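Every chain is numbered from 1 and lettered A, B, ... according to where its sequence line falls, protein lines coming before strand lines. Everything numeric here is computed off the predicted structure, so don't read it as measured data.
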2 protein chains.
Amino acid sequence: MAALPSGVLGVIDSTSDRAVFRQIADRLREAIDKGRFKEGAKLPSESELVEHFGVSRMTVRNSLSILQSEGLVSSEHGKGVFVRPRPPVRRLASDRFARRHREQGKSAFTVEAEAAGSRPEVDSLKVREERPTSDISARLGQPRKVLARRRRYLLDGRPVEFAVSYLPLDLARDTPIAEPNPGPGGIYARLEELGHRLDHFDEEVRARMPSPDEVKTLRLASGVPVIQLVRTAYDTEGRAVEVCDTVMSADAYVLAYQLPAN
Amino acid sequence: MAALPSGVLGVIDSTSDRAVFRQIADRLREAIDKGRFKEGAKLPSESELVEHFGVSRMTVRNSLSILQSEGLVSSEHGKGVFVRPRPPVRRLASDRFARRHREQGKSAFTVEAEAAGSRPEVDSLKVREERPTSDISARLGQPRKVLARRRRYLLDGRPVEFAVSYLPLDLARDTPIAEPNPGPGGIYARLEELGHRLDHFDEEVRARMPSPDEVKTLRLASGVPVIQLVRTAYDTEGRAVEVCDTVMSADAYVLAYQLPAN
DNA sequence: CACGCCAACTCGTATAGACGAGTTGCTGAG
DNA sequence: CTCAGCAACTCGTCTATACGAGTTGGCGTG
């Protein structure tokens, strides 16, 4: 166990009324912010920090758990605690579902990923009929049953997004939309072929901490929130024809919108 | 110390390889999800949980810290641990800065808050000249200096949002925009009077965990992420005339966008 | 009755120790 | 040289204890 380089982490001010474990977290945070520990770098081990600061191990662990909940570091059993690398960010343009961008053949996700040099994958695709929750039901105009299309998206093997599309069953039953692969242009192209010309989308954006389920499905590190995007598609008659509920790893996405000033 | 109502929380499966503190967190989470503890309700105290589950206090605290980092509960020193109430959510419509909505006199924030029956407040308003960060500089077309307008927004005394507007200094110097109160219609009205007719906005939306500073400024409970919204305003010449960097408590906001399908 | 104070509760901080489990690299046997 | 296995490191889990500090309600004194 080598001694820590002096001066890198400083010492505890025992006269301060700030809790010791917070002070240690502060020092480590400073050091990370100032680049003394770079992305992916290993922090000093718990026992090194115990020795350096002269405190007990639980106190050090307490400090580290603060940084973890801030999303600054992540620990790996048997290896150490590392400065969390910022993963490449996927930018979602607000017009990604516009008709003019609808590729014949590949999905928007696939096209964008390949353009960015990543390997896209779609996973655990499930299509089935369901009774809608009251929220979904309200958004779709109170259908008794809906078709639910679930899928998970991965980039280079890493899950980044989980989405469920809901469509009124009377509209989707016995159409290509009820097939696992709805064909070129996706379900929006099929909807338009069925006479539902799309008029506009409503998108609602929320952020929150993930449920344990979402942590598992998206393999989220602790301290990473999710963005929840609920998109409702309306046809030119004003009917809501689809609701898509998407949960995204917040550290993998930036949503970009362009809005007129009128 | 009364015994806990039997059956409410179940017991630990000591044969399971799931850690005891995770199991306890699971039981409590279930109980909250199923409404056995309602919003604002007090969970059993740490010592009650210690007795009920037959574990040490640190194990119980560990469990509770999980729920806290999930944003499910928050603890109050001397009082107990409570199911976190969902605060009223403010809905931000994507057209809230459109010209047609520009009220003469009151800001969009004030109008909306009063319509929702809340008491709006604007706080720590600071206007000054600064050298821009490279990010802001790039968005504004590399001005050497900018005018920065900082302010904090509160609803019923609760801080919900912190925003900084940056404008190229050559554009804003010696105009009402450099005044603490820019007058009716806000800085967008002043920009248009100065000949910069607004054409469109770009908005970028991110979510992340807050910095310690942001926790303080927005009085955030632990386990609450922030939404960061960076809006750039462009005039009809295509010049970026303002960048507004807003950080919002994620549990107080839903962003709503309406997008054309073309 | 009014009020101050204290007891008993709450969570917050910190220590010291033990054992378990994953990872890594070295060492020694083959 | 190869490779199994061990030693030494990492973090994960859990116990037991102690004291501090904020909150609440009741009791007793004035």
Side-chain angles (χ1 to χ4, degrees), chain A residues 1-4 11-28 37 40-69 72-84 215 221-223, chain B residues 1-4 11-28 37 40-69 72-84 215 221-223:
Chain A
M1 180 156 57
L4 289 182
V11 292
I12 298 303
D13 175 4
S14 52
T15 70
S16 163
D17 53 0
R18 187 158 177 81
V20 172
F21 74 91
R22 285 186 209 287
Q23 289 189 51
I24 295 178
D26 291 344
R27 304 304 177 132
L28 290 169
F37 298 110
K42 184 177 167 301
L43 293 191
S45 74
E46 291 177 359
S47 35
E48 282 170 330
L49 292 171
V50 162
E51 196 182 2
H52 178 84
F53 289 112
V55 297
S56 78
R57 184 168 165 229
M58 286 312 294
T59 302
V60 164
R61 281 183 63 78
N62 215 337
S63 309
L64 291 171
S65 82
I66 291 185
L67 300 183
Q68 203 160 116
S69 73
L72 276 181
V73 306
S74 68
S75 61
E76 295 176 37
H77 192 171
K79 294 191 189 169
V81 179
F82 300 85
V83 179
R84 221 154 63 73
V215 168
S222 64
Chain B
M1 179 154 58
L4 289 181
V11 292
I12 298 304
D13 175 3
S14 51
T15 70
S16 163
D17 54 0
R18 185 158 177 80
V20 172
F21 74 91
R22 286 186 208 288
Q23 290 188 52
I24 295 178
D26 292 343
R27 303 303 176 135
L28 290 169
F37 298 109
K42 184 175 167 306
L43 293 192
S45 73
E46 292 176 358
S47 36
E48 283 169 329
L49 293 170
V50 162
E51 196 183 1
H52 179 84
F53 289 112
V55 297
S56 79
R57 183 165 166 232
M58 285 311 296
T59 302
V60 164
R61 282 183 63 77
N62 214 339
S63 309
L64 291 171
S65 81
I66 291 184
L67 300 182
Q68 204 161 115
S69 73
L72 275 182
V73 306
S74 67
S75 61
E76 294 177 39
H77 193 170
K79 294 192 189 166
V81 178
F82 300 85
V83 179
R84 221 152 65 70
V215 168
S222 64

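Applying the side-chain hydrogen bond (donor to acceptor under 3.5 Å, both in side chains) rule to S14(A) yields no partners; only residues at least two apart in sequence or on another chain are considered. In this structure, the salt bridge (Lys or Arg N to Asp or Glu O under 4.0 Å) partners of K79(B), at least two apart in sequence or on a different chain, are E76(B). In this structure, the salt bridge (Lys or Arg N to Asp or Glu O under 4.0 Å) partners of R61(B), at least two apart in sequence or on a different chain, are E46(B). Residues passing the side-chain contact (heavy atoms from CB on, under 4.5 Å) test with V55(B), sequence neighbours excluded: V20(B), I24(B), F53(B), T59(B), V60(B).
Regarding Q23(A), its CD atom lies at a distance of 8 Å from the P atom of dA14(C), rounded to whole Å. Straight-line distance from the CE atom of M58(A) to the P atom of dT13(C): 13 Å, rounded to whole Å. Between the CD atom of E46(A) and the P atom of dG17(C) there is a distance of 17 Å, given to the nearest Å. Note: CZ (R57(B)) to P (dT13(C)) measures 11 Å, nearest angstrom. dA21(C) atom C1' lies 17 Å from atom CZ of R18(B), rounded to whole Å. A straight line from CG of N62(B) to P of dC11(D) spans 16 Å, rounded to a whole angstrom. To the nearest angstrom, P of dC11(D) lies 11 Å from CD of E76(A). When rounded to the nearest whole Å, the span between CD of Q68(A) and C1' of dC11(D) equals 10 Å.
For a distance-only test at 3.5 Å, the side chain of R22(A) fails to qualify as a donor-acceptor partner of the base of dG12(C).
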Between protein and nucleotides 22-24 of chain C, what N or O pairs are separated by less than 3.5 Å?
{"residue": "dG22(C)", "atom": "N2", "partner": "G78(A)", "partner atom": "O", "Å": "3.1"}

Residues L64(B), L43(B); criterion side-chain contact (heavy atoms from CB on, under 4.5 Å); working and verdict: CA-CA 10 Å; L64(B) 291 171; L43(B) 293 192; 4.0 Å; yes

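For R57(B) (side chain) and S47(B) (main-chain N/O), no donor-acceptor pair under 3.5 Å exists by modelled atom type.
For S56(B) and dC14(D), the shortest distance from a side-chain N or O to OP1 or OP2 is not below 4.0 Å.
Proximity note for A19(B) (side chain, C-beta onward) versus dC14(D), dA18(C), dT15(C): the nearest is dC14(D). Relative to the side chain of R61(A), the nucleotides dG12(C), dG12(D), dT15(C) differ in distance, and dG12(D) lies closest.
Residue pairs that meet the salt bridge (Lys or Arg N to Asp or Glu O under 4.0 Å) test with at least one member in residues 14-24 of chain B, sequence neighbours left out, are R18(B)-D26(B).
The nearest heavy atom of DNA chain C to F21(A) and to K42(B) marks one nucleotide each, and the one closer to the 5' end goes with K42(B).
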